Amino acid sequence: MFLLKKWRATTFGLYGYMNFTKAGFLEHSKKFKPEDMQIKIDGKNCIVTGANSGIGYATAEGLASRGATVYMVCRNKERGEAALSKIRSTTGNQNVHLEVCDLSSVSGIKSFASNFAAKEVPVHVLVNNAGLLENNRVTTSEGFELNFAVNVLGTYAMTELMVPLLEKAAPDARVITVSSGGMYTSPLTADLQYSEGTFSGVDQYARNKRVQVELNDKWAEMHKDRGISFYTMHPGWAETPGVARSMPSFNQSLSGKLRTSEEGADTVIWLALQPKEKLVSGGFYFDRAIAPKHLKFSATSGSETLIDSIISNLRSMATLPA
């Protein structure tokens, strides 16, 4: 197991250094089509979680600049209001709104979903961007490990509760989940809350992101006839407040080589704009192209039985009806 873990980390590091940095983005961008990002989405309602900074902010601003009505879901009211004001000012779009919700709280997400449903607006795009890498084991007031609560259970509950509103936007509704290349280092595991072994925030984050990708596959399959498409994406290694806080040594060692938040958000916005016929529901995207979900010889492929069991557990934890 030690050697396999070492192999995964080494393979990921080499692959990442060649592709996930700013240099990788600049190289891949040579194949980008400028017209892909010139599409306007006036009248479309977009929800972006974790929208007050980093990739979430860049996503919200990018969607607002293209005419969307954007709902920024933020945990901190003051920081959310500051980001909201800045986006309205820079884009000239006044149809940008703040929704305060703590994505680590299932009850908070349920309250948000209930209040949002009362608006009776279709949701054309849901961007599950909110994420966390907490290096210490922290338990939420609801009894869940904090990384898992935000990255997995929060993403699951938000998506499931938004399905009825996404259906209102069918056949062109879509869910975009911001995952991470870190998931290349982890297979699927039933130990969702890292109850076994010595806790590692970095490992837990990778596990969480692997679950997100596998969840996306299942959602795409479950809702293929309901006019909702599901995509995960990897933003590359971007210099964001979250990375600086959670991985200071990584952030410092790659100083000047990391992507900007805007470069990290590029594929999120691209996925929101493209005609669904150009995209593959259930696909994992990186730099505007389908990317592999597993690196060669890393033994990270999971079983369908395991993801079904995980979904059953998440539904129970979130106390959602079967």
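For the single chain, residues carry numbers from 1 onward in sequence order. It should be emphasised that the depicted structure is a prediction, and the values quoted were computed from it without experimental measurement.
Residues K33 and Q38 have side chains not in contact (no heavy-atom distance under 4.5 Å, counting atoms from C-beta outward). Considering only heavy atoms from C-beta on, T300 stays 4.5 Å or farther from L295 through its side chain. In this structure, the side chains of L320 and L161 come closer than 4.5 Å at one or more pairs of heavy atoms. Between V175 and M162, every side-chain heavy-atom pair lies at or beyond the 4.5 Å cut-off. In this structure, the side chains of H97 and K119 stay at 4.5 Å or more apart for every pair of heavy atoms. In this structure, the side chains of V211 and L188 come closer than 4.5 Å at one or more pairs of heavy atoms. V70 places none of its side-chain heavy atoms less than 4.5 Å from the side chain of I87. Counting only heavy atoms from C-beta outward, the side chains of K110 and T319 approach each other to under 4.5 Å.
In this structure, W237 has its ring center closer than 6.0 angstrom to the ring center of F250.
The two atoms that bring I310 and T189 nearest to each other are CD1-O, 3.6 Å, heavy atoms only. The two atoms that bring F286 and P235 nearest to each other are CE1-C, 4.5 Å, heavy atoms only. Taking each heavy atom of G282 and D217 in turn, the nearest pair found is O-OD1, 2.9 Å. In terms of heavy-atom proximity, M183 sits nearest to R210 at O-NH2, 3.0 Å. In plain terms, the two heavy atoms of S229 and S281 that are nearest each other are CA-OG, 3.5 Å.
Within the structure, side chain to side chain donor-acceptor pair (under 3.5 Å) pairs that include any residue of residues 43-62 comprise K44-D172, E61-T90 (at least two apart or interchain). Listed by first and then second residue, the ring-ring contact (aromatic ring centres under 6.0 Å, His included) pairs involving residues 150-189 are Y15-Y184 (not counting sequence neighbours).
In the hydrophobic clustering (ILVMFWY side chains linked at under 4.5 Å, chained through shared members), Y194 is joined by F199.
By the 30° and 60° cut-offs, the orientation of the rings of Y285 relative to Y231 is perpendicular.
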Starting from the C-alpha separation in whole Å, work towards a yes-or-no answer on side chain to side chain donor-acceptor pair (under 3.5 Å) for T232 and Q212. CA-CA 8 Å; T232 42; Q212 286 183 343; over 6 Å; no

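Note that CD1 of I109 is 14.5 Å distant from CZ of F116, once rounded to the nearest 0.5 Å. Of the inter-residue distances, the one linking F144 atom CZ with L192 atom CG reads 10.5 Å to the nearest 0.5 angstrom. Interatomic distance, CZ of F230 versus CG of L126, reported as 8.5 Å (0.5 Å rounding). To the nearest 0.5 Å, atom OG of residue S312 and atom CD1 of residue I307 are 11.0 Å apart. To the nearest 0.5 Å, atoms CD (E142) and OG (S104) are separated by 7.0 Å. Expressed to the nearest 0.5 Å, how far OH of Y71 lies from SG of C101 amounts to 15.5 Å.
Using a 4.0 Å cut-off between charged side-chain N and carboxylate O, D266 and R259 make no salt bridge. For R207 and D191, the salt-bridge test passes: some basic side-chain N is under 4.0 Å from an acidic carboxylate O. Using a cut-off of 4.0 Å between Lys/Arg side-chain N and Asp/Glu carboxylate O, E160 and R315 are scored as salt-bridged. A salt bridge links K77 to E81: one of the charged nitrogens lies within less than 4.0 Å of a carboxylate oxygen.
A search for side chain to side chain donor-acceptor pair (under 3.5 Å) contacts involving K224 returns nothing, not counting sequence neighbours. Remark: N93 pairs with A64, T91, N95, V96 by the side chain to side chain contact (heavy atoms under 4.5 Å, CB included) rule, at least two apart or across chains. Remark: K296 engages no residue in a side chain to side chain donor-acceptor pair (under 3.5 Å) (not counting sequence neighbours).
Here the options are E263, E27, E262, the test is salt bridge (charged side-chain N to carboxylate O under 4.0 Å, His left out), and the partner is K22; only E263 passes.
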